[in-house]
Amino acid sequence: MTPDISTLMLVLALTTVISVVGLLVASFLNRQIVAIRYWAGGLTVFIPGLLWQVFSPPLPLWISAVIITQAYFILWWGTRCYRFGQAQPQFFKVMLLLCLIQGSAFFAFQDSLRISIMIHSAVVVGACLVTMLEAVLMRLRQRALLLAWVVLWGAHATVYCRRFLLYALDPAYAEVTSMHAASSVEAVNYLEGIAFIYGFSLICFIFTTLRLQQALRRQATRDPLTDLLNRRAFEETSTRLLAQARRFRRPLSVLLMDLDRFKSINDQHGHKAGDLVLQAFAGHLGRHLRATDLSCRYGGEEFVVLLPDTDLAQARELSERVREAWQRVPLDIGTTNLAATVSIGLASVAQGDAHVLDDLIERADHALYRAKQLGRNRSHVWQEGLRLASFENVV
Ligand SMILES: Nc1nc2c(ncn2[C@@H]2O[C@H](COP(=O)(O)OP(=O)(O)OP(=O)(O)O)[C@@H](O)[C@H]2O)c(=O)[nH]1
């Protein structure tokens with residue numbers, strides 16, 4: 001028994017309305033997630049397209065095809081925004097362009113339902129493939145979610161591919177003049193469409209929750225100004241790395257860095273300029289460190305770097321590279337260009353009985369204090385007692 005096409009169209013439209021309401025509420029509650037706005041918007045655009053189908057004729061069917069294919073475009077664009085984590089430019093331009101191209105094609109072939117359906121099916125298959133590809137390019141760690149997305153869009157593409165082939169090759173569909181006349185193939189499409197809309201909105205909710213979790217984790221572990229680790233996250237990871245270094249007798253060093261005369265930068269150029277300098281220094285660190293090193297904004301203008309598998313000599317070398325290069329980094333603060341310097345204190349686990357992270361950092365702090373005393377813009381290694389050695393003297 002083949003279900004009545006008009007009933008299926010209405011059920012699909014109602015399913016879409018229910019999903020749209022859910023997604024609109026979710027997008028209102030999670031305004032920072034741009035993608036869900038597009039997903040909600042895309043599904044919303046399906047509704048007039050589907051209703052148009054229900055009430056045509058007398059309405060021309062080709063307009064419904066244009067509306068529905070735009071809805072797929074918006075869903076893809078939402079997925080793209082999700083991949084990049086922000087709104088993507090040129091949305092309306094691309095949409096207008098596609099609208100014109102597809103609209104012209106549908107308009108030109110409006111007298112042949114067969115050709116119109118073939119074009120529509122081919123566009124949907126293309127949309128499914130690019131939307132699937134976006135998720136693959138995201139390199140999601142949640143394999144099950146990726147699989148669910150690929151299966152959902154893959155099934156949708158398969159159904160439309162079958163539709164395309166039937167209309168292209170099967171003589172039974174060559175002369176059809178209404179969807180009701182081809183109800184056996186159209187019924188499958190509508191039934192799958194209902195499952196697709198439910199599945200799609202469910203996965204959108206999961207994607208949104210995942211992004212919110214990631215944002216929360218980031219907020220809990222990162223300094224918002226520099227995006228380096230915050231102190232708590234740094235201490236948690238460093239404590240583990242220090243224990244491993246001791247257990248496997250591996251070298252490990254710590255650099256404590258403090259920007260010189262930072263107060264005067266703030267006083268002369270303003271707090272905003274000071275913030276830019278802090279961000280520039282964080283970027284500078286990122287360019288000099290390995291992926292396995294940990295860097296953290298430890299306090300106001302103080303930074304700490306933990307270097308696993310790095311002995312004192314290598315740490316010295318790196319410290320000097322960072323310090324030397326920093327004084328040459330041009331800091332473009334509004335209308336002025338200024339140069340800043342940094343003082344660095346070093347300590348290493350190889351230097352005796354620093355058993356806990358606090359001990360190591362305290363030693364690096366003593367060395368840093370000495371570097372400041374000796375005139376700033378220099379690196380200093382912690383040594384027992386007063387035997388503090390300056391290995392670089394820079395004016
Ligand atoms: N712009 C900005 N300034 C900050 C921030 N956190 C701390 N500061 C400022 O950093 C300055 C630190 O000044 P001091 O501790 O006197 O040190 P300094 O001027 O760098 O001098 P030395 O360390 O002795 O070379 C203070 O003026 C703080 O207000 C921040 O997030 N943004």
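Just follow the structure's listing: the first ligand is 1, and inside any ligand the first atom is 1.
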Any N or O on Phe262 sitting closer than 3.5 Å to an N or O of ligand 1?
yes
Is ligand 1 under 4.0 Å from a heavy atom in the side chain of Leu259, in the backbone, in both, or in neither?
backbone
Can you label the angle between the Phe91 ring and the Tyr38 ring as parallel, tilted or perpendicular, going by 30° and 60°?
perpendicular
Only heavy atoms of Asp260, strictly under 4.0 Å: list the atoms of ligand 1 that pass.
20 (O), 25 (O)
State whether Glu235 and Arg231 are salt-bridged, where the test is any N-O pair (Lys NZ or Arg NE/NH1/NH2 against Asp/Glu carboxylate O) under 4.0 Å.
yes
Which ligand 1 atoms, with their elements, are less than 4.0 angstrom from a heavy-atom of Gly274?
1 (N)
Give yes if a backbone or side-chain nitrogen or oxygen of Ser264 is under 3.5 Å from a nitrogen or oxygen of ligand 1, and no if not.
no
Protein residue, atom and distance nearest to atom 13 (O) of ligand 1, heavy-atom basis:
Lys263 CB, 3.6 Å
Shortest protein heavy-atom distance from atom 14 (P) of ligand 1, along with the residue and atom involved
Glu301 OE2, 3.9 Å
For atom 32 (N) of ligand 1, which protein heavy atom lies nearest, and how many Å away is it?
Asp275 OD1, 2.6 Å
Salt bridge present between Glu302 and Arg297 (N-O < 4.0 angstrom):
no
Residue pair Leu229, Arg222: steps toward the side chain to side chain contact (heavy atoms under 4.5 Å, CB included) verdict
CA-CA 4 Å; Leu229 289 178; Arg222 298 270 159 178; 4.0 Å; yes
Joint cluster assignment, Met138 & Leu147, ILVMFWY side-chain distance < 4.5 Å:
no
Quick one: nearest non-hydrogen protein atom to atom 24 (O) of ligand 1, plus distance?
Arg376 NH2, 2.9 Å
Which ligand 1 atoms does Asp258 reach within 4.0 Å, using its non-hydrogen atoms?
23 (O)
Considering only heavy atoms, does Asn266 approach ligand 1 within less than 4.0 Å through its side chain, its backbone, both, or neither?
side chain
Parallel, tilted or perpendicular: which fits the ring planes of Trp153 and Tyr72, with parallel below 30° and perpendicular above 60°?
perpendicular
Assign the ring pair Trp326 / Phe281 to parallel, tilted or perpendicular, where the plane angle (0 to 90°) is split at 30° and 60°.
perpendicular
In ligand 1, which numbered atoms sit nearer than 4.0 Å to a non-hydrogen atom of Leu278?
30 (C), 31 (O), 32 (N)
Donor + acceptor pair across side chains of Ser343, Asp258 (<3.5 Å):
no
Where do Ala40 and Ser27 come nearest, in terms of heavy atoms and distance?
CB-OG, 4.5 Å
Cluster overlap Leu12 with Val17, hydrophobic side-chain contacts below 4.5 Å
yes
Of all protein heavy atoms, the one nearest atom 7 (C) of ligand 1 is Gly300 CA, 3.5 Å
Provide, to 0.1 Å, the distance between atom 22 (P) of ligand 1 and the closest protein heavy atom, together with that atom's residue and name.
Lys372 NZ, 3.4 Å
Ligand 1 versus Arg297: contacting region, heavy-atom distance under 4.0 Å:
side chain
Under 4.0 Å, heavy-atom basis, I'd like to know which part of Lys272 is in contact with ligand 1: side chain, backbone, both or neither.
neither
